[in-house]
Student: 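Okay, here's the structure, questions in a sec.
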Amino acid sequence: MNDLSRPGTIDPPYDYPDYGSTRLRAPREALVALPEGTLDVPGPRVPASFVRAGDNDLTAHAKSAPLGEKMIVSGRLLDESGRPIRDSLVEIWQANAAGRYAHPGDTHDAPLDPNFQGIGRTFTDADGWYRFVTIKPGAYPWQNHAFAWRPQHIHFSLLGNAPVQRLVTQMYFPGDPLLDLDPVFLSVPDAAARKRLVAALDLKTGVEGIALGYRFDIVLAGARSTPLGI
Ligand SMILES: [Fe+2]
């Protein structure tokens, strides 16, 4: 029988003091254990029409190409046995190449890019693969502590095929010196699990002369689970 559990050192704790906002949002009371099946409520499935052609190309959502280093991020969504999770909604959001989000709440002193909204979606295919065309996001300051800058990262939302299943995580880039200083990344207790949040440079998934490829597989259960809740 497969191990469906997620070892306790993989996902970050609700309260991680060095990550300031967790102090405000972490539950102060003991969690209430829900009976098994409580969340198995009927809900809408994600219709195939939810994803339109081109939604997975974040560089093609405006009149011109966005500024920045074009890249491909692709990988497989897998269960604890390495089996593909098919037809599953994967969405990403990210800052632009200057490290700014296209959101009124982002007041970072960096330019917006009128050709980059920083959001995309796709379904996994029959082998569990997803693929996005985008640009490499910039690092940005986030005021958690003095000189706090988030490492370059892409946010992932995994909706499965129904809204009550939503999971989130973040993907990072290899060799980023900010990783060792980032409380969000460091809030994942297990060092080996943290490494699973770092994509691998994968030339064969890039486009020759156009875009570098990064590979980021996401494992949803078992000892090699990708950290979630980040
Ligand atoms: Fe972010």
Side-chain angles (χ1 to χ4, degrees), residues 1-51 75-94 103 105 119-130 142 144 150 153-172 182-198 216-230:
M1 185 172 171
N2 296 317
D3 177 21
L4 290 170
S5 66
R6 299 177 56 80
T9 56
I10 289 181
D11 301 318
Y14 291 119
D15 188 357
Y16 188 76
D18 287 348
Y19 179 179
S21 58
T22 67
R23 277 178 249 152
L24 300 174
R25 66 178 184 235
R28 292 197 172 91
E29 306 291 334
L31 299 183
V32 176
L34 297 175
E36 195 171 339
T38 302
L39 297 178
D40 295 342
V41 292
R45 287 180 62 86
V46 180
S49 60
F50 202 61
V51 175
R76 297 179 74 201
L77 189 61
L78 300 166
D79 73 7
E80 72 284 358
S81 300
R83 292 175 297 205
I85 299 174
R86 306 181 174 101
D87 306 320
S88 190
L89 184 66
V90 178
E91 296 169 292
I92 62 170
W93 69 96
Q94 63 170 93
H103 187 280
I119 189 164
R121 59 170 49 143
T122 191
F123 284 113
T124 55
D125 68 13
D127 292 318
W129 280 95
Y130 71 86
W142 63 303
N144 183 73
R150 293 298 330 280
H153 62 278
I154 296 176
H155 297 267
F156 276 71
S157 165
L158 312 166
L159 206 67
N161 51 28
V164 294
Q165 303 171 357
R166 186 177 188 231
L167 303 168
V168 295
T169 192
Q170 296 182 23
M171 185 209 94
Y172 299 93
D182 182 52
V184 180
F185 181 68
L186 296 175
S187 70
V188 173
D190 181 63
R194 287 199 290 274
K195 284 184 183 170
R196 297 198 287 275
L197 293 174
V198 180
F216 182 58
D217 290 347
I218 302 169
V219 179
L220 294 185
R224 290 193 47 76
S225 293
T226 304
L228 299 169
I230 301 170

Student: Using the six-membered ring wherever Trp is involved, compare the ring planes of H153 and Y172 and label them parallel, tilted or perpendicular (cut-offs 30° and 60°).
Tutor: tilted

Student: Measure the spacing between CG of D15 and CG of L24 and express it to the nearest 0.5 Å.
Tutor: 9.5 Å

Student: How close do N144 and P183 get, counting heavy atoms only, and between which atoms?
Tutor: ND2-CG, 3.7 Å

Student: I need the minimum non-hydrogen distance between P7 and G222, along with the two atoms involved.
Tutor: CD-O, 3.5 Å

Student: State, with a plain yes or no, whether a side-chain heavy atom of E80 is found less than 4.5 Å away from one of V219.
Tutor: no

Student: Under the 3.5 angstrom rule, does the side chain of T9 hit a backbone N or O of P189 as a donor-acceptor pair?
Tutor: no

Student: What's the spacing between D11 CG and T226 OG1 if we round to 0.5 Å?
Tutor: 9.5 Å

Student: Just so I know, are the side chains of L228 and R6 near enough to count as touching, which here means a heavy-atom distance under 4.5 Å?
Tutor: yes

Student: At what distance, to the nearest 0.5 angstrom, does CG of L167 lie from CG of L220?
Tutor: 6.0 Å

Student: Please report the shortest heavy-atom distance between V188 and I230, naming the atom on each side.
Tutor: CG2-CD1, 3.7 Å

Student: I need the R196 CZ to T169 OG1 distance, nearest 0.5 Å.
Tutor: 11.0 Å

Student: State whether the side chain of R76 and the backbone N or O of D217 hold a donor-acceptor pair below 3.5 Å, judged by distance alone.
Tutor: no

Student: Quick check: do L158 and V90 have side-chain heavy atoms less than 4.5 Å from each other?
Tutor: yes

Student: To the nearest 0.5 Å, tell me how far W129 CH2 sits from R86 CZ.
Tutor: 14.5 Å

Student: What pair of heavy atoms forms the shortest contact from Y19 to R25, and how long is it?
Tutor: OH-NH2, 3.1 Å

Student: Is any side-chain heavy atom of R166 closer than 4.5 Å to one of S157?
Tutor: yes

Student: Could you please spell out the steps behind the side chain to side chain contact (heavy atoms under 4.5 Å, CB included) verdict for W142 and V184?
Tutor: CA-CA 11 Å; W142 63 303; V184 180; 3.6 Å; yes

Student: If we only count heavy atoms from C-beta on, is the L186 to R194 side-chain gap below 4.5 Å?
Tutor: yes

Student: Any chance you could measure L77, atom CG, to D125, atom CG, to the nearest 0.5 Å?
Tutor: 10.5 Å

Student: Can you name the closest pair of heavy atoms from P13 and S187 and give their distance?
Tutor: CD-O, 3.2 Å

Student: When you measure from the side chain of R224 to the backbone of G82, do you find a donor-acceptor pair of N or O atoms at a distance under 3.5 Å?
Tutor: no

Student: List the steps, then state whether side chain to side chain contact (heavy atoms under 4.5 Å, CB included) holds for V46 with F123.
Tutor: CA-CA 10 Å; V46 180; F123 284 113; 3.7 Å; yes

Student: Considering non-hydrogen atoms only, spot the tightest contact between Y14 and A26 and give its length.
Tutor: O-CB, 3.5 Å

